[in-house]
Amino acid sequence: MSSAEEPTGLPARRDRRDRRREEREQRAREELRTEREREAALRESDPLEGAGDDEPDDTAVFEMLKSRPVKYEYLDHTADVQLHSWGESLEEAFEQVAVAMFGYMTELETIDLAPDCSRVVEAEGHDLDSLLYAYLEELLLVFSIEYIVGRVVQIKSFDAVNFRILARLLGERWDMRKH
């Protein structure tokens with residue numbers, strides 16, 4: 001065996017396996033650190049931060065809502081309705097389609113932001129289509145179980161590689177007399 005060749009056998013395989021595991025763990029630590037830094041930056045620049053917690057700053061939230069343009073439309077579909085949304089980014093398009101779904105249920109202008117009606121939803125899929133479906137299904141589940149209708153949906157984390165979303169829903173409880 002020359003010195004340039006890598007040793008073989010069980011001890012060498014264990015060494016290679018251990019190195020690969022250490023490399024994976026290091027990459028995972030770096031990804032976690034990057035995600036934490038990104039979330040910290042998002043919290044610092046987030047105009048909705050705190051909304052839905054103890055006491056939301058309704059003025060700031062509603063001012064932000066007024067400046068947000070509508071970037072969705074409803075299209076006819078034989079089964080029901082087709083929601084078409086767009087945005088400057090995929091995250092914005094996903095936020096817009098969620099708002100479109102709630103807007104199809106009721107007039108968005110009738111929805112206030114209640115402090116106790118902020119929910120975090122998580123969804124994952126095996127591709128972007130299944131991710132979108134799972135994301136809308138999770139939001140619909142919040143409506144179906146807790147009767148919370150959303151006015152604002154904000155993507156907190158969007159992983160287009162592993163197809164995962166973490167989003168926050170802000171709204172109020174459904175009231176048939178109001179909505």
Do you know which two heavy atoms are closest between [X] and [Y], and how far apart they sit?
X      : Y      : value
Val161 : Asp159 : N-OD1, 3.0 Å
Ala93  : Ser85  : O-OG, 2.8 Å
Ile111 : Gly171 : CG2-CA, 4.0 Å
Leu136 : Met101 : O-CE, 3.8 Å
Val81  : Leu75  : CG2-O, 3.5 Å
Leu166 : Glu122 : CD1-CG, 3.2 Å

Can you tell me how far the CG atom of Asp18 sits from the CD atom of Glu23, to the nearest 0.5 Å?
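One finds 11.0 Å between CG of Asp18 and CD of Glu23.
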
So if you build clusters from Ile, Leu, Val, Met, Phe, Trp, Tyr with side-chain heavy-atom gaps below 4.5 Å, do [X] and [Y] land together?
X      : Y      : value
Leu131 : Leu141 : no
Trp86  : Leu128 : no
Tyr147 : Leu108 : yes
Tyr133 : Val142 : no

Validation row: [X], [Y] side chains within 4.5 angstrom (heavy atoms):
X      : Y      : result
Leu139 : Phe102 : yes
Ile148 : Leu169 : yes
Phe158 : Leu90  : yes
Arg168 : Ser118 : yes

Residues which pass ring-ring contact (aromatic ring centres under 6.0 Å, His included) with Phe143, listed by chain and number, not counting sequence neighbours: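 In terms of ring-ring contact (aromatic ring centres under 6.0 Å, His included), with neighbours along the sequence ignored, Phe143 is linked to Trp174.
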
> Can you name the ring-ring contact (aromatic ring centres under 6.0 Å, His included) partners of Tyr104, sequence neighbours left out?
Replying inline: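 With sequence neighbours excluded, Tyr104 shows a ring-ring contact (aromatic ring centres under 6.0 Å, His included) to Tyr74, given in chain and number order.
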
Could you name each residue pair satisfying salt bridge (charged side-chain N to carboxylate O under 4.0 Å, His left out) that touches [range], not counting sequence neighbours?
range            : answer
residues 69-88   : Lys71-Glu88, Lys71-Glu92
residues 125-143 : none
residues 170-179 : Asp112-Lys178, Glu172-Lys178, Asp175-Arg177

Self-check item: Set of salt bridge (charged side-chain N to carboxylate O under 4.0 Å, His left out) partners for Glu107, sequence neighbours left out
Solution: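 Once residues adjacent in sequence are excluded, Glu107 has no partner under the salt bridge (charged side-chain N to carboxylate O under 4.0 Å, His left out) criterion.
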
- Message: Looking at Ile165, is its backbone amide N or carbonyl O close enough to the side chain of Tyr135 to form a donor-acceptor pair, meaning the two atoms are under 3.5 Å apart?
- Response: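 A pair under 3.5 Å: no.
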
Q. Thinking salt bridges, do Glu146 and Arg119 make one under a 4.0 Å N-O criterion?
A.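 Salt bridge flag = yes for Arg119 with Glu146.
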
